2 protein chains.
Amino acid sequence: MKRLKIPDATVRRLSDYARMLDQLDEEGIRIVSSDTLASRCGLNPAQIRKDLAYFGEFGVRGVGYRVRELKENLKGILGVTHTWRVALAGAGNLGSALVAYRGFLTHGFIIHAVFDKYPERAKLPRNGRFPKVLGLDRIKTEIRRRGIQIGIIAVPAEAAQGVAERLVGAGIFGILNFAPVRLRVPKHVKVKNVDLGSELESLSFFLSKRDTP
Amino acid sequence: MKRLKIPDATVRRLSDYARMLDQLDEEGIRIVSSDTLASRCGLNPAQIRKDLAYFGEFGVRGVGYRVRELKENLKGILGVTHTWRVALAGAGNLGSALVAYRGFLTHGFIIHAVFDKYPERAKLPRNGRFPKVLGLDRIKTEIRRRGIQIGIIAVPAEAAQGVAERLVGAGIFGILNFAPVRLRVPKHVKVKNVDLGSELESLSFFLSKRDTP
DNA sequence: TGTTGTGAAGTCGTTCACAGCT
DNA sequence: AGCTGTGAACGACTTCACAACA
């Protein structure tokens, strides 16, 4: 068993494993080998064993992995057993979609505050199910008051860096960034970028050169 | 100048370069060196030169790259000079957000059709700006009739594989998949996954082990 | 016997360092 | 003199292959 420097790719695969184990569990399967799990995930079995080895010895030699046990272990490792307090900055099209997106909840991300440069223009449904939209100047006080840990940035590219700085200044330590910009933040802050535009261009690239090899 | 096997990471960076070059162009900058561009993108200069070398010799030794020229070249390579005809499957929360998302348009992705298992429940604004939502059974005929090339999957995980097969059967050759599933498709079809859930778990992981080193 | 855990080998992408142009 | 283009060195992640062990 090792420690330190877990590849980013390994962490992402852990999610996959957890999801597959959920399925296997529902199918009533108790034990699974790295071979079987690998073929379900479209990976090499050794990959899975190596990934898991970063965190401990979860298997039984000659047998395999106990599905439910491994699943629980992975969830613990991924930190999805507790919930996170989240603030959303940007209540335009994308932002409003994100507030409504149920995936956040199922992953333990609860949106406790929403900010926008123009709160009155915000496109969120104004019923009680969603937090009221506040101005960007309220970021620091609200985030502190509500003990928020994570920020989601869904503002236009030009505004993103400024908002990031406010969030960081308010004490946030994780950011999920949807703006097409590389944010500059102190190194204790973890940023995850989700850049739809670049995914689109990348798809576009592969499709363009389809018939011109 | 080489050919074949362009790393996925290279393609993604090409998007970044194009975006930076847009900025530089707006700032009135005519010429840029790999050094300058690299520091703007937070990369190693050699990386940029290597990336570009996959596609040709765009620079002038002793001088640098002509901003506008390189920008146009990159856009051509990325295939963002022409537009794509797109269909969206899934008109729930996420799907509706995507129809409204302007980024698709700016990248030349035009949504010409929207499908959902229950068209009448769809959450799209019903005004003329958005395509009418059709049942999943209409996929094949509509996609063929409208010459649609790309499908976006925003249906629940359980339904994703089935929808993918219908799309492929209708002649689509690119898929942008938002469902947390690895789709099985013929190899002439290019799939790009955008898995918010796995991004969240990955963020969650890094935050969990923040104070426990 | 069957499957894990892991050192060693292999592969792929990044960075270095310099020759080659302008 | 300065900066690109690129072979070679490096490093990181993946796969192999086998010893360890239930």
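As the structure is a prediction and not an experimental result, all values here were calculated from the model. A, B, ... follow the sequence lines: proteins, then strands. Residue 1 opens every chain.
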For this session: Sugar-phosphate means primed atoms, P, OP1 and OP2; the rest is base. With that split, encode nucleotides 13-20 of chain D 5' to 3' as B, S or - using protein heavy atoms under 4.0 Å.
Result: SSBBB--B
Seminar exercise, completed: When every non-hydrogen atom of A:H112 is compared with those of A:R146, the smallest separation belongs to O-NH1, 3.5 Å
Exercise. Are OP1 or OP2 of D:dT4 and a side-chain N or O of B:S34 less than 4.0 angstrom apart?
Worked result: yes
For this session: Take the protein atom CG of B:D35 and the nucleotide atom C1' of C:dA17, then report the distance between them rounded to whole Å.
Result: 14 Å
Seminar exercise, completed: Sorted by chain and residue number, the ring-ring contact (aromatic ring centres under 6.0 Å, His included) partners of A:F173 (sequence neighbours excluded) come out as none
List the atom pairs, with distances to 0.1 Å, where a side-chain N or O of residues 163-172 of chain B and a protein N or O form a donor-acceptor pair under 3.5 Å, not counting sequence neighbours.
residue: B:E165; atom: OE2; partner: B:Q161; partner atom: NE2; Å: 2.7
residue: B:R166; atom: NH1; partner: B:L136; partner atom: O; Å: 3.1

Exercise. Can you tell me how far P of C:dT15 sits from CD1 of B:I48, to the nearest Å?
Worked result: 11 Å
For this session: Name every residue in residues 21-31 of chain A that has at least one heavy atom under 4.0 Å from any atom of DNA chain C, in order of residue number, or write none if there are no such residues.
Result: none
Exercise. Among all residues two or more places apart in sequence or in another chain, which pass the side-chain hydrogen bond (donor to acceptor under 3.5 Å, both in side chains) test with B:E72?
Worked result: none
Exercise. Does a side chain donor of either B:R49 or B:S34 reach within less than 3.5 Å of an acceptor in the other side chain?
Worked result: yes
Exercise. According to the interplanar angle, ranging from 0 to 90°, do the rings of A:F109 and A:F104 count as parallel (below 30°), tilted (30 to 60°) or perpendicular (above 60°)?
Worked result: tilted
For this session: Would you indicate whether A:K117, at its atom NZ, is surrounded by more than 12 heavy atoms from other residues, nucleotides or ligands within a distance under 6.0 Å?
Result: no
Review item, side-chain donor-acceptor pairs of residues 149-158 of chain A, under 3.5 Å, at least two apart:
residue: A:Q149; atom: OE1; partner: A:R85; partner atom: N; Å: 2.8

Exercise. Within this structure, what is the CG-to-C1' distance between A:L70 and C:dG5, rounded to whole angstrom?
Worked result: 14 Å
For this session: Please report, rounded to the nearest Å, how far the C1' atom of D:dC3 is from the CD atom of B:E57.
Result: 13 Å
